[in-house]
There are 2 protein chains.
Amino acid sequence: MQTFEKICNNFGVIKNHKTEMNSQRPVTIKDIAKKFKCSPSTVSRALNDHHLINEDTRKNIQEYAQKVGYQRNLVSLSLLNKKTASLGVIVPNISSYQESAMIDGLHSVLQPLGYTLNICVTNEQYILETEYVEKLLSNRVEGIFLSVSQETYDAGHYEHLENVIKRKVPLIFIDREYEGFETSRVTIDDYFGAFAAIEHLVLGGRKRIAHLKGPNGLTVSEQRFRGYIDCLKKYNLPIDEDLIINTNFRVESSIVPTTRLFDLPNPPDAIFGVNDQVAIGAMKVIRERGLQIPKDVAVIGFDNSPISPYIFPSLTSVARPGRRIGTEASRLFLNYLNASEDEFGVERIVLPSELIIRESSLNF
Amino acid sequence: MQTFEKICNNFGVIKNHKTEMNSQRPVTIKDIAKKFKCSPSTVSRALNDHHLINEDTRKNIQEYAQKVGYQRNLVSLSLLNKKTASLGVIVPNISSYQESAMIDGLHSVLQPLGYTLNICVTNEQYILETEYVEKLLSNRVEGIFLSVSQETYDAGHYEHLENVIKRKVPLIFIDREYEGFETSRVTIDDYFGAFAAIEHLVLGGRKRIAHLKGPNGLTVSEQRFRGYIDCLKKYNLPIDEDLIINTNFRVESSIVPTTRLFDLPNPPDAIFGVNDQVAIGAMKVIRERGLQIPKDVAVIGFDNSPISPYIFPSLTSVARPGRRIGTEASRLFLNYLNASEDEFGVERIVLPSELIIRESSLNF
DNA sequence: ATGTTTATTGCAAACGTTTGAAAAAATTTG
DNA sequence: CAAATTTTTTCAAACGTTTGCAATAAACAT
């Protein structure tokens, strides 16, 4: 129960700040009741437009509440109703285009329904992921959307998720899933997208196709990798270990690997990046070698990020409907709420990806 | 008080879902007390390692709590302590690099202190901004970090913020501020960055410098614009209205304006974009016109986004320390907590920006 | 055995709100 | 004017947790 202790300690830290000094107590229903010499119940009903309340008292109380800036305390309401109207969203890092698109999708469906999204960023750290899960459960969120962090794969632990299931809090994987865990998820068919990308290159006459792979273990990395491998196999092209190098999704992480590729005695004539960032980094190295894109080397990225059509040469990329992950996951969540105990089931939604062909992979 | 009604209605919507069916009640301290035939207080103390508790009972209770997956209810604790340990963060859109950097900065300081960030995305809408402010206050957050939405500028309303001040909840503007409002803020010296960028162009011999301006009214737009104007004035260059066109920060929003610029009888020899996205869009148009960058046209962006060094030609840009906005704003918040009533004051922190010169603006 | 100290535990109130049922007040009816 | 009815308000409990103070139990000294 170390996480529990941690939370306590943190609470301790906060307690030490003397916030009391400069934050005046918000006005409560009791305060208003005292002012009007009536009971809190009357005030409550007046503010909620209850039909069994005198029209004058209602008006008076509402006006006064307005004037003094009364805001009902949702914390106490949550406690009373055992409903917090808030949902947890855990993502590895908020700065990637894909993830902000997912969040946007969740947001677009759930915000209008009155839910508050509690967004947590793990920075790919397992320890933060577990802490956030605990904290969200302690805060009694009504559901958790989780995009698994890299370290969690590496560690292979998922006890923190068992807890969520045990509590029967809906848990939905978004984009990054843990294969072996029995819960609903919305992912994208990265395998197909990768396969299509490689096939496009092969049909364009490319023989030595390199892959700037993502971190090992991540489903998204591995699926794209499998698509790459399977397509090469289909066309009886050799699989060269030297042409497969890891990156970490960031643009700068592809510089050294790409340099290494072109230092090979037999360098590649095409590069398939695990995402657009990595592909853009590779393009720079290729240019600096004096090679032409796509004549000498074709390049394909993944994500179809907003700038991919605008850079030079425009970047062929696999479009993945990040925003739809969010909307579909929301739908799953809402279905879950409306489902009765017995008809509850694990749903796995796989959204299609699509190859968008641009200049960087044109045939010569 | 329409927002209040709105929240009620939303709560109504949620209530209708029959969550009761498939979410089992979490185990409480009372449940444990019943099991051990002792009082809740004993259980509470046992779980909190209180010194006045028998070692055996402590161990037994803790073990049992662990086994049944007890998680203390932070909602009730918040109510009791009048401390929620949560903070509101309101930003216009989460997908921009700058904003995720800010959030990352806030996060890095406040998460370790035990705070939960409640991130809200307004999509630049005034109505959403007000709703979020109300909701955060109702949820009794202990502070609000706000990056003002575009519509809020346009409307010029800020009554929703008066409410925050009245409640003495610390309100801190991050990056996008409302000039006329008396509260602390952390911004970036965009004026200086813009000035430096234009000066660099002027000294490089550019005579007709166009500006792809951001939306009118936003401080960030206007400051960059002022830097542009003032620098031109300093060097006695004429200010040509035709060379100033609005965009909305997105890459595609610069295509039409840039096209218009090069349809002018006297087209520009340099373009200063309000951000990197816009600059990248402009570069595409320039290339397609058969013009060379930087020989025929120099281009400068703003933000120094991660890919700016890697695109072709590499993009000169003004670096702005987005992450530091977050850390400084956190510092301001923590100072505020520790300050006594009388020494409370409004602080305005302006972080420096820095011109990073790359290929796209080299002299010929 | 009795008083004194010490170690454990329980009681009760509090946080802010809602809500069914009971009570009180106002109105109508005979 | 009393009884019956309707309108309006109050009471009390509940949500889960903590905590000062009182109470009990155990251990010890006299």
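Quick note on labels: first sequence line is chain A, next is B, and so on, each numbered from 1. From a predicted model like this one, the values you see are computed outputs, not experimental measurements.
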Which listed nucleotide ([options]) is nearest to the side chain of [X]?
| X | options | answer |
| --- | --- | --- |
| A:Thr42 | D:dT9, D:dT17, D:dC15 | D:dT9 |
| A:Lys30 | C:dT17, D:dT9, D:dT17 | C:dT17 |
| A:Ser41 | C:dT8, D:dG16, D:dA12 | D:dA12 |
| A:Asn48 | C:dT18, D:dT18, D:dC15 | C:dT18 |
| B:Leu79 | C:dG16, D:dT19, D:dT17 | C:dG16 |

Can a salt bridge be assigned to the pair B:Asp175 and B:Arg185 using a cut-off of 4.0 Å between side-chain N and carboxylate O?
no
State whether [X] places a side-chain N or O below 4.0 Å from either non-bridging phosphate oxygen (OP1 or OP2) of [N].
| X | N | value |
| --- | --- | --- |
| A:Arg72 | C:dT18 | yes |
| B:Tyr70 | D:dG16 | no |
| B:Ser44 | D:dT17 | no |
| A:Ser39 | D:dT10 | yes |
| A:Asn54 | D:dT8 | yes |

Rounded off to whole Å, could you give me the [atom1]-to-[atom2] distance for the [X] and [N] pair?
| X | N | atom1 | atom2 | result |
| --- | --- | --- | --- | --- |
| A:Leu52 | C:dA22 | CG | P | 15 Å |
| B:Leu77 | C:dC15 | CG | C1' | 11 Å |
| A:Phe36 | D:dT9 | CZ | P | 12 Å |
| B:Asn81 | C:dC15 | CG | P | 12 Å |
| B:Asp31 | D:dA14 | CG | C1' | 15 Å |
| B:Ile53 | D:dT18 | CD1 | P | 12 Å |
| B:Ile32 | D:dT17 | CD1 | C1' | 12 Å |
| A:Lys83 | D:dA14 | NZ | P | 19 Å |

Let's go through B:Tyr178 and B:Phe173 carefully: what are the C-alpha distance in whole Å and the side-chain angles of both, what is the deciding distance for ring pair (Phe, Tyr, Trp, His ring centres under 6.0 Å) to 0.1 Å, and is it a yes or a no?
CA-CA 8 Å; B:Tyr178 196 93; B:Phe173 286 132; 7.4 Å; no
B:Gln71 and A:Arg140: side-chain donor and acceptor closer than 3.5 Å?
no
In terms of relative ring orientation, are B:Tyr64 and B:Phe36 parallel, tilted or perpendicular, with 30° and 60° separating the classes?
perpendicular
Using the ring of each side chain (for Trp, its six-membered ring), is B:His160 parallel, tilted or perpendicular to B:Tyr126, with breaks at 30° and 60°?
perpendicular
Test A:Ser184 against A:Glu347 for side-chain hydrogen bond (donor to acceptor under 3.5 Å, both in side chains), laying out the working first.
CA-CA 5 Å; A:Ser184 292; A:Glu347 259 189 271; 5.9 Å; no
Under the 3.5 Å rule, do the base of D:dT8 and the side chain of A:Arg45 count as making a donor-acceptor pair?
no
On DNA chain C, nearest-nucleotide positions of A:Ile29 versus B:Lys37: which is more 5'?
B:Lys37
Of B:Leu80 and B:Cys38, whose closest DNA chain C nucleotide lies nearer the 5' terminus?
B:Cys38
